[in-house]
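The block underneath contains the structure these notes are about, expressed in structure tokens.
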Amino acid sequence: MIRIVLFGDSITAGYTDGYPSSKFSDMLKEKIGREDVYCFNRGVPNSTITSALERLQADVLAIEPNYVVPFFGLADARQKQPLSATTYTAALTQLVRQITPEKCLLITPGVVADDSTVNAHLQEYVQAAQQVATTTHCDLIPWHAHMATTPEKMLQPDGVHYSALAYDELTTMLAARFKQRLASFNMISSARQFMGSRQSQDNN
């Protein structure tokens with residue numbers, strides 16, 4: 001089984017009409033289209049990048065995932081005292097290094113409606129995520145740039161949480177990246193099996 005953990009806040013939790021749902025993880029699994037892939041949803045409403053570090057071991061590392069999708073920023077930007085870009089960068093770097101960069105697929109934070117202050121902080125976190133991806137050599141989905149082109153279609157009436165269209169487009173982007181990764185994963189696994197078989201034959 002290939003284990004993918006979606007790790008984030010209310011967006012990861014599939015928050016719809018005031019309640020969490022499994023739509024994010026369900027849609028991603030369906031689009032990857034493999035029976036041996038299981039998507040664990042570890043989205044917690046109002047979870048910040050700093051609180052994520054506190055639950056990383058229990059919610060993510062204990063699962064022994066093959067891949068992890070950290071997706072934070074919304075709760076950090078909407079706090080009474082929003083997290084600074086410097087603190088966000090340090091916490092995200094720590095998170096990626098604890099998971100290990102080769103397992104991570106970062107997503108840049110999206111946008112909200114009619115709140116320039118929150119969007120300004122989200123833009124800072126986008127730059128932070130790009131910096132972390134560069135310095136740690138982990139993969140990155142440029143979701144912010146995609147979402148910002150048509151934000152009115154991507155948000156529910158609350159102006160914060162994602163519409164069905166947003167989840168559809170985000171999971172399409174993620175699934176495409178995971179299909180590339182899983183193709184490489186299969187090639188490596190096949191090569192190891194071949195070498196193991198050859199070694200066994202040589203020993204006999």
Side-chain angles (χ1 to χ4, degrees), residues 1-45 47 52 59-61 63-75 92 95-96 99-112 122 125-126 129-130 132-133 137-158 160-190:
M1 182 174 69
I2 296 167
R3 296 175 292 275
I4 298 173
V5 178
L6 304 178
F7 189 40
D9 52 31
S10 58
I11 303 300
T12 297
Y15 217 67
T16 304
D17 298 327
Y19 297 95
S21 74
S22 61
K23 66 170 56 178
F24 189 18
S25 45
D26 290 348
M27 290 173 72
L28 179 58
K29 178 176 172 57
E30 181 180 354
K31 289 183 180 183
I32 292 173
R34 289 180 45 151
E35 291 297 323
D36 61 341
V37 169
Y38 191 89
C39 295
F40 295 81
N41 193 309
R42 293 297 182 265
V44 174
S47 179
D59 281 6
V60 178
L61 300 183
I63 296 171
E64 298 184 354
N66 299 95
Y67 304 105
V68 181
V69 183
F71 189 19
F72 293 92
L74 179 63
L92 186 59
L95 190 79
V96 169
I99 295 168
T100 67
E102 61 271 18
K103 291 184 177 182
C104 285
L105 178 51
L106 296 179
I107 306 175
T108 55
V111 299
V112 299
L122 288 171
Y125 301 160
V126 169
Q130 292 168 339
V132 172
H137 305 289
C138 75
D139 210 351
L140 178 79
I141 294 287
W143 172 244
H144 183 276
H146 181 83
M147 185 181 183
T149 58
T150 53
E152 68 282 355
K153 296 180 180 179
M154 299 289 195
L155 295 167
Q156 294 178 46
D158 67 5
V160 173
H161 296 100
Y162 288 5
S163 66
L165 176 63
Y167 281 114
D168 180 60
E169 296 194 2
L170 178 55
T171 53
T172 295
M173 294 172 74
L174 282 168
R177 199 70 61 91
F178 273 121
K179 285 178 180 179
Q180 294 173 354
R181 284 193 170 206
L182 293 173
S184 300
F185 182 88
N186 288 344
M187 290 176 63
I188 293 170
S189 296
S190 296

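Given the structure is predicted, the values throughout are model-derived calculations rather than measurements.
In this structure K179 satisfies the salt bridge (charged side-chain N to carboxylate O under 4.0 Å, His left out) test with no other residue, sequence neighbours excluded. K23 is linked by a side-chain hydrogen bond (donor to acceptor under 3.5 Å, both in side chains) to T16, counting only residues two or more places apart in sequence or in another chain. Remark: D139 engages R177, R181 in a salt bridge (charged side-chain N to carboxylate O under 4.0 Å, His left out) (not counting sequence neighbours). Every residue was checked against the salt bridge (charged side-chain N to carboxylate O under 4.0 Å, His left out) condition with D26, not counting sequence neighbours, and none meets it. Taking H161 as the reference, Y15 meet the ring-ring contact (aromatic ring centres under 6.0 Å, His included) condition, with sequence neighbours excluded. The side-chain hydrogen bond (donor to acceptor under 3.5 Å, both in side chains) test applied to Y162 returns W143, not counting sequence neighbours.
Judged by distance alone, the side chain of S10 and the main-chain N or O of A13 form no donor-acceptor pair under 3.5 Å. Remark: side-chain polar atoms of R3 are paired, donor with acceptor, to backbone N or O of E64 under 3.5 angstrom.
Here the CD-OH distance, from E102 to Y67, works out to 10.0 Å after rounding to the nearest 0.5 Å. Taking CG of L95 as the start and SG of C138 as the end, the distance is 10.0 Å to the nearest 0.5 Å. In this structure, OG in S47 is found 6.0 Å from CZ in F7, a value given to the nearest 0.5 Å. Interatomic distance, CG of L174 versus CD1 of I107, reported as 4.5 Å (0.5 Å rounding). C104 contributes atom SG, which lies 11.0 Å from atom CG of L140 (distance to the nearest 0.5 angstrom).
Contact annotation: the side chain of S22 never approaches that of N41 to less than 4.5 Å [non-hydrogen atoms, C-beta and beyond]. Using a 4.5 Å heavy-atom cutoff, the side chains of L155 and M147 are in contact.
Within 6.0 Å of CD in E30 there are 12 or fewer heavy atoms belonging to other residues, nucleotides or ligands. Annotation for F40: atom CZ counts as buried by contact number, over 12 foreign heavy atoms lying within 6.0 Å.
In this structure, F71 and T108 approach most closely via the heavy-atom pair CE1-O, 3.7 Å. Contact detail for V111 and A148: the closest heavy-atom pair is CG1-CB, 4.3 Å. Here the closest non-hydrogen pair linking V160 and I11 is O-CD1, 3.9 Å. The nearest pair of heavy atoms linking P109 to F72 is CG-O, 3.4 Å. Nearest heavy atoms, S21 versus G14: OG-O, 2.7 Å. For the pair H146 and T149, the tightest heavy-atom approach, listed with the atom from each and the gap, is O-OG1, 2.7 Å.
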- Residues D17, Q156; criterion side-chain contact (heavy atoms from CB on, under 4.5 Å); working and verdict: CA-CA 8 Å; D17 298 327; Q156 294 178 46; 4.0 Å; yes
- Message: Walk me through whether L165 and T150 qualify under side-chain contact (heavy atoms from CB on, under 4.5 Å).
- Response: CA-CA 11 Å; L165 176 63; T150 53; 5.6 Å; no
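Shown are I63, V68, I32; of these, the side-chain contact (heavy atoms from CB on, under 4.5 Å) with I4 is made only by I32. Between F178 and the options V37, N66, L105, T171, a side-chain contact (heavy atoms from CB on, under 4.5 Å) holds for only L105.
Using modelled atom types, one finds a donor on one side chain and an acceptor on the other under 3.5 Å when comparing T172 with K31.
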